[in-house]
Amino acid sequence: MNGSRARDGGQPLLLGVRHHGPGSAKAVRAALEASRPRVVLIEGPPEADPLVPLAAAEDMSPPVALLAHAVDEPGRSAFWPLAAFSPEWVALRWALEHGVPARFIDLPAAHTLAWERDEEDGGGEDMDGGGKDGEDGGMDAGAEQDALDEDVRVDPLGVLAGTAGYDDAERWWEDVVEHRGAGKGDALAPFTALEEAMTALRETYGSGGHGRDLIREAHMRLRIRDAQREFEDGVAVVCGAWHVPALRRRTGVTADRALLKGLPKVKTDMTWVPWTHRRLSRAGGYGAGIDSPGWYAHLFAAPDRPVERWLTKVAGLLRAEDRTVSPGHVIEAVRLAETLAALRGRPLPGLGEATDAVRAVMCEGSDVPLALVHDRLVFGDVLGEVPHTVPAVPLQRDLERTRRRLRLRPEAAERELDLDLREETGAERSRLLHRLRLLGIDWGRPAAARSGTGTFRETWRLRWEPELAVRTAEAGVWGTTVLAAATAKAEADAVAARGLADVAALAEHCLLAALPDALPVVMRVLADRAALDTDVAHLAQALPALVRSLRYGDVRGTGTAALAEVAAGLAERVFVGLPPACAGLDADAAEEMRGHVDAVHGALSLLGDVPAAPDGRLRARWRAVLRTLSARDTVPGVLRGRAVRLLLDEGELAQDEAARFMGLALSPGTPPADAAAWIEGFVGGSGGGLLLVHDERLFGLVDRWLTAVPTEAFTDVLPLLRRTFSAYESGVRRTLGELVRRGPGRRDRTDTAAAGAPGFGPGVDEARADAVLPVLRLLLGPDCDEGTRGERVEVRR
């Protein structure tokens, strides 16, 4: 049935599209220009009708999405994404530009959100309108549904592509729509052809396994009838092509209303939110996940020669990354893409041919720079914008005001943000990001590599995802401002926390986020949990977070006096309970306990520098605990060795005494597995290899024990030894290998001076020493020339 003849007969103009299809978008624009309807009906939730005028705002920039969420349960939500190349967006903008009413006619979001998801969404996302987030379910479709529909979910594009002999639905769509000049000549011809194909599919497959489509189509037919009564024959409908045969079919009003009777319903709010091209690649919203949103945006925007323009864009990206790409590369890539298209029987090169040409010509066969092209261009990091006047929950309003004041701009691409906590702006930004993380709004994540404790700086990795709008709406139940919501959420989390370490981490988070009103509640819960918890491992896990809060809380100007008493109490209980808790542990439990011992040791090292903390008696008590662990035979070897190592690092144990402990642990009477575990505890971790490099006695003890291990026991201790020594840096391992080759006892200072240590010559190399002088002049300035001779002497020293 021809679309134009249907309208001449008083029927609506049905424009079946592929969601997010640039060819469909161009064809819709051409059809609307040719037919000039009096009203445009668009597949989408009717609750969005009041939001339609905002699409014409100057600060509205796609990609955007309609967001619907249940008022009483904000986490239950659904998105309807729209890109610049989406046919629905083109129809919406055309109606606004021409003063024509635009209305949404799909099933209301109030019903969509009320349905529970009983089954996963299947195929057909690209051509039908089904599959909104949280929408699909197993609702009975009625007697009209064919038995086949219960088990089979049809992908219309896949079926049509397979019928045409294609194994790739994307490639088929490009060949028959994108490369055929959609919208040229007869503006309605593409829709007529697509409707005929979909009619044949619906006759064969019924609803194609999309049972809810029958409900949605009944609602759309009712809305179309309402528009026809109001505007007579001036009605244009833009919807998924899969629905066109069902909307064309004549059915009774009573039958349609019967399908809609008794549907569940919830109170719903709706607004516009920014969307991203990267998020369009997932199957959500209209269900139309697309593999190449950046490519589709290019096809829609390019006035002509899309392949040439695309390859020029690729060349510009690679040149910006310091790769050698010339105009000649672009010319050769275009020729190769066209040749590949001819060989593959395609009317024009598509993304596949363009990608193959880029790999061969511009990337020299490498997929590494090609991955950059795919990430930056094929996907793209485009983030849409919405007007400030869009409806929003109070928490969203407060977040928007705060982030504008702090000049934090949402971006789709991940970027690093360095904050100096001594500056007011940096501290406020840090507090905002920490509060948002507490609320589950992970706009930023701390970068562990550069934001370690003990500094006045933090590094964050920021990326704005569309789902954060839902998280913000969901967090609105805690308060109307970010501060109030984070405070209420912290108090609730403290009461609901299961473990002592969780409460301690929450106390640290309260200090980082500057939540003084929540801290008393968290501290009360922490004190109660600490008094009742008798597990030493739990106490040891909680102590480091408290000490970090004590040590660095003053950087952000937050009070930490209340934490000192709790930290001291936890430490005392660890001192009492640790020795008996370490007795009789198996290998796995001993390894886990070693981590707790290291954590407590590091925490107490920090605690000694805190003005609000107790005096040095805690550290003295800890050293006594370590001595106890090092001398008890019932304590596993890995813990005894670790205790000796920590005492040695603290300067509380002389080298001779450390050698005595090692000699006892590696004596012939000690089982090889226990001795290997002792070595793992003593020389494992940071700095252990340097101990063996610089202390010949310890190195000799390990060497003699290792050579004396019986053959039958060596295979048992080898995995543990390999794990210990493989953790060292390559330079340390190389030096240890050189010492083993020489043998112990053959590296006194005289021999080293004569023969040279590994990597060093037998004497001073004056030429190499003089080479550093220009650098010193740059560092010290021009006034240092008079001291050149002295500098040379110092450098040689």
Side-chain angles (χ1 to χ4, degrees), residues 17 19-20 25 40-57 59-71 74-96 101-115 121 125 128-136 216 219-220 223 237-240 266-277 279-280 282-290 293 382-393 396 464-474:
V17 301
H19 298 304
H20 309 315
V40 176
L41 306 181
I42 303 171
E43 181 184 330
E47 294 94 336
D49 285 351
L51 303 176
V52 167
L54 293 173
D59 48 355
M60 173 73 89
S61 176
V64 293
L66 290 167
L67 163 63
H69 65 84
V71 173
R76 183 184 296 181
S77 59
F79 293 99
W80 286 260
L82 297 170
F85 50 84
S86 299
E88 298 84 359
W89 178 259
V90 170
L92 192 64
R93 292 285 300 184
W94 184 92
L96 291 171
R103 300 172 184 174
F104 292 101
I105 62 171
D106 205 347
L107 194 70
H111 300 308
T112 298
L113 297 177
W115 271 332
D121 185 29
E125 294 91 344
D128 68 16
K132 301 171 185 64
D133 293 344
E135 175 180 332
D136 278 345
R216 298 170 55 213
H219 186 271
M220 285 191 264
R223 296 299 298 268
V237 181
V238 178
C239 63
V266 296
K267 188 177 180 180
T268 305
D269 276 345
M270 181 159 282
T271 186
W272 289 105
V273 295
W275 205 251
T276 66
H277 274 182
R279 186 63 177 83
L280 281 170
R282 307 179 196 175
Y286 288 103
I290 54 178
V382 179
L383 174 65
E385 295 183 5
V386 299
H388 310 315
T389 55
V390 298
V393 296
Q396 177 67 46
W464 183 264
E465 295 284 355
E467 290 86 349
L468 297 181
V470 177
R471 301 289 180 266
T472 305
E474 193 172 10

For A68, all residues meeting side chain to side chain contact (heavy atoms under 4.5 Å, CB included), sequence neighbours excluded: W80, A109, L113, T268, M270
When every non-hydrogen atom of I105 is compared with those of M220, the smallest separation belongs to O-CG, 3.3 Å
Are any non-hydrogen side-chain atoms of W275 and L82 less than 4.5 angstrom apart? no
Just jot down the side chain to side chain contact (heavy atoms under 4.5 Å, CB included) partners of A469, sequence neighbours excluded, or say none. L67, V273
Evaluate the side-chain proximity of F85 to H20: yes if any heavy-atom separation is below 4.5 Å, no if none is. yes
Residues forming a side chain to side chain donor-acceptor pair (under 3.5 Å) with R93, sequence neighbours excluded: none
So, do P87 and H19 sit near enough that their side-chain heavy atoms are less than 4.5 Å apart? no
Do the non-hydrogen side-chain atoms of H219 and H111 ever get within less than 4.5 Å of each other? no
Side-chain donor-acceptor pairs of residues 59-66 under 3.5 Å, sequence neighbours excluded:
none

Could you measure the distance from the CG atom of L92 to the OG atom of S86? Nearest 0.5 Å is fine. 11.0 Å
Kindly give the heavy-atom pair with the smallest separation between A114 and V266, and that separation in Å. CB-CG1, 3.9 Å
Closest heavy-atom pair, A110 versus E47, reported as atoms and distance to 0.1 Å, is N-OE2, 3.0 Å
Validation row: P45, P108 side chains within 4.5 angstrom (heavy atoms): no
Rounded distance [0.5 Å steps], OG in S77 versus NE2 in H69: 8.5 Å
Decide yes or no for V238 and L41: does some side-chain heavy atom of the first lie under 4.5 Å from some side-chain heavy atom of the second? no
Do the side chain of W272 and the main chain of L51 share a donor and acceptor less than 3.5 angstrom apart? yes
Any side-chain heavy-atom pair from I42 and C239 closer than 4.5 angstrom? no
Side chains of T276 and V382: does their closest heavy-atom pair fall under 4.5 Å? no
Least distance between heavy atoms, L383 atom then P274 atom: CD1-CB, 4.0 Å
Using every non-hydrogen atom in the two residues, find where L107 and T112 come nearest and quote the distance to one decimal. O-OG1, 4.0 Å
R216/D106 under salt bridge (charged side-chain N to carboxylate O under 4.0 Å, His left out): CA gap, chis, key distance, verdict: CA-CA 6 Å; R216 298 170 55 213; D106 205 347; 2.8 Å; yes
Sorted by chain and number, sequence neighbours left out, ring pair (Phe, Tyr, Trp, His ring centres under 6.0 Å) with W94 holds for H98
Minimum heavy-atom separation for G44 to F104, with atom names? O-CB, 3.2 Å
